[in-house]
Amino acid sequence: MEQHSIFTKIINREIPASIVFETDDIIVINDISPKAPVHILIIPKKQIATINDIADEDIPLMGKIIAAAKQVAIQLGIADDGYRLVMNCNDFGGQTVWHLHCHMLGGKKLGWTPD
Ligand code: 5GP
């Protein structure tokens with residue numbers, strides 16, 4: 001059986017997190033180590049390891065991630081100022097948790113340097 005990721009454990013309430021928003025398919029939490037004044041994670045409840053593992057059947061779920069981002073940005077009051085969505089993939093992308101997720105960064109004007 002596939003090992004549960006840290007995010008699946010959060011989804012299952014086995015470990016705590018600051019939950020911002022939740023649907024049947026998605027959970028949105030505050031990042032434990034924020035890199036911006038607003039740094040949240042939009043996580044599908046389905047444990048997909050990386051972007052490379054997205055199946056055709058998961059494509060609607062990916063749309064729901066973006067739709068959740070839009071809704072949460074409004075909820076947090078950062079929609080008009082703007083924000084950034086980031087999905088890291090594997091080693092070069094800087095991925096550290098093997099459960100696909102989308103970062104939402106905002107609350108200040110962000111720089112644009114990948115290093
Ligand atoms: P990645 O590096 O895979 O793109 O992003 C993983 C993110 O998950 C990191 O920003 C990291 O701070 C966050 N993270 C790791 N463990 C936990 C945790 O237990 N709780 C929360 N809320 N965030 C976590």
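None of these values were measured; they are calculated from a predicted model. Order of listing sets the numbers, starting from 1, for every ligand and every atom in it.
Within the 4.0 Å heavy-atom shell around ligand 1 one finds His101. Taking a 4.0 Å cut-off on heavy atoms, Met87 fails to register as neighbouring ligand 1. Not a single heavy atom of Val86 sits under 4.0 Å from any atom of ligand 1. In this structure, Phe7 has a heavy atom closer than 4.0 Å to ligand 1. Look at Ala17 and you'll find every heavy atom at least 4.0 Å from all atoms of ligand 1.
In terms of protein heavy-atom proximity, atom 9 (C) of ligand 1 is closest to Asp31 OD2, 3.3 Å. With respect to atom 15 (C) of ligand 1, the closest heavy atom belonging to the protein is Val97 CG2, 4.1 Å. Of all protein heavy atoms, the one closest to atom 17 (C) of ligand 1 is Ile32 CG2, 3.8 Å. Given atom 2 (O) of ligand 1, the protein heavy atom at minimum distance is Thr96 OG1, 2.8 Å. Nearest non-hydrogen protein atom to atom 22 (N) of ligand 1 is Asn30 O, 2.9 Å. Nearest protein neighbour of atom 19 (O) of ligand 1, counting heavy atoms only, is Ile6 CG1, 3.6 Å.
Using a 4.5 Å cut-off on side-chain heavy atoms (C-beta onward), Leu85 and Ile65 make no contact. Side chains of Met104 and Val28 form no contact here, defined as non-hydrogen atoms less than 4.5 Å apart. Met62 is not listed as a side-chain neighbour of Ile51, based on a closest heavy-atom distance of 4.5 Å or more.
Lys108 NZ to Ile78 CD1: the interatomic distance, rounded to the nearest 0.5 Å, is 13.0 Å.
Atom numbering of ligand 1 starts at 1 in the shown order; those under 4.0 Å from a heavy atom of Leu41 are 8 (O), 13 (C), 23 (N). Within ligand 1, counting atoms from 1 as listed, the ones closer than 4.0 Å to a heavy atom of Ile10 are 20 (N). Taking every non-hydrogen atom of Ser33 and a distance limit under 4.0 Å, the qualifying atoms of ligand 1 come out as 12 (O). Interface of His103 with ligand 1, defined as ligand atoms under 4.0 Å from a residue heavy atom, comprises 1 (P), 4 (O), 5 (O), 7 (C), 10 (O).
Around CG of Asn52, the count of heavy atoms belonging to other residues, nucleotides or ligands within 6.0 Å exceeds 12.
With hydrogens and angles ignored, the 3.5 Å screen pairs a side-chain donor or acceptor of Lys45 with a backbone N or O of Thr23.
Under the 4.5 Å side-chain heavy-atom criterion for ILVMFWY residues, no single connected hydrophobic cluster contains both Val20 and Ile43. Both Leu61 and Val72 are part of a single hydrophobic cluster, where members link through side-chain heavy atoms under 4.5 Å apart.
Under the 30°/60° scheme for interplanar angles, the aromatic rings of His101 and Phe7 are found to stand perpendicular.
On a distance-only criterion, Asn88 and ligand 1 share at least one N/O pair closer than 3.5 Å.
At a 4.0 Å heavy-atom cut-off, ligand 1 does not touch Lys35 at all.
Each of Leu41, Ile48, Ile11 was scored for a side chain to side chain contact (heavy atoms under 4.5 Å, CB included) with His99, with one residue passing: Ile11.
When all heavy atoms of Asn90 and Gln95 are compared, the closest pair comes out as N-OE1, 2.8 Å.
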